[in-house]
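Everything below concerns the one structure shown next.
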Amino acid sequence: MKWKPDWSDIAENLLIGLMAVAAAAIFIVFCVCTWEEVTTARTIIMRDGNQSYACTVSDISLAPHDCNPIEDAK
């Protein structure tokens, strides 16, 4: 008696494996992008008239973001 493969089970197992690999790849890309943003972030001071702002820039996004006004110490 010759063994016949069950193609629906094989296809289901391959699909589950591909979904697991895709989920792991997405997770790794997210972690690397988050790590890259954290490790390359720098704080710069921007001035607008008499007010100064501390802003964050990184190698990924050179546009200033997360700007907060700097209070004068008395």
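From a predicted model like this one, the values you see are computed outputs, not experimental measurements.
Contacts of Ser52 classified as side chain to side chain donor-acceptor pair (under 3.5 Å), with partners at least two apart in sequence or in another chain: Arg47. Residues passing the side chain to side chain donor-acceptor pair (under 3.5 Å) test with Asn68: none are found, sequence neighbours excluded.
Residue Ile10 belongs to a hydrophobic cluster whose other members are Trp7, Leu14, with links defined by side-chain heavy atoms closer than 4.5 Å. Counting side-chain heavy-atom gaps under 4.5 Å among Ile, Leu, Val, Met, Phe, Trp and Tyr, the cluster of Leu15 also holds Met19. As a member of the Ile/Leu/Val/Met/Phe/Trp/Tyr network built from side-chain separations under 4.5 Å, Val21 groups with nothing else and remains a singleton.
Sorted by first then second residue, the salt bridge (charged side-chain N to carboxylate O under 4.0 Å, His left out) pairs that include residues 3-13, not counting sequence neighbours, number zero.
For the pair Cys67 and Tyr53, the tightest heavy-atom approach, listed with the atom from each and the gap, is CB-CB, 4.5 Å. When all heavy atoms of Thr43 and Ala54 are compared, the closest pair comes out as CG2-CB, 4.2 Å.
Gln51 places no side-chain N or O within donor-acceptor distance of the main-chain N or O of Glu71, the cut-off being under 3.5 Å.
For the atom pair SG (Cys31) and CD1 (Ile26), the distance works out to 12.0 Å, reported to the nearest 0.5 Å.
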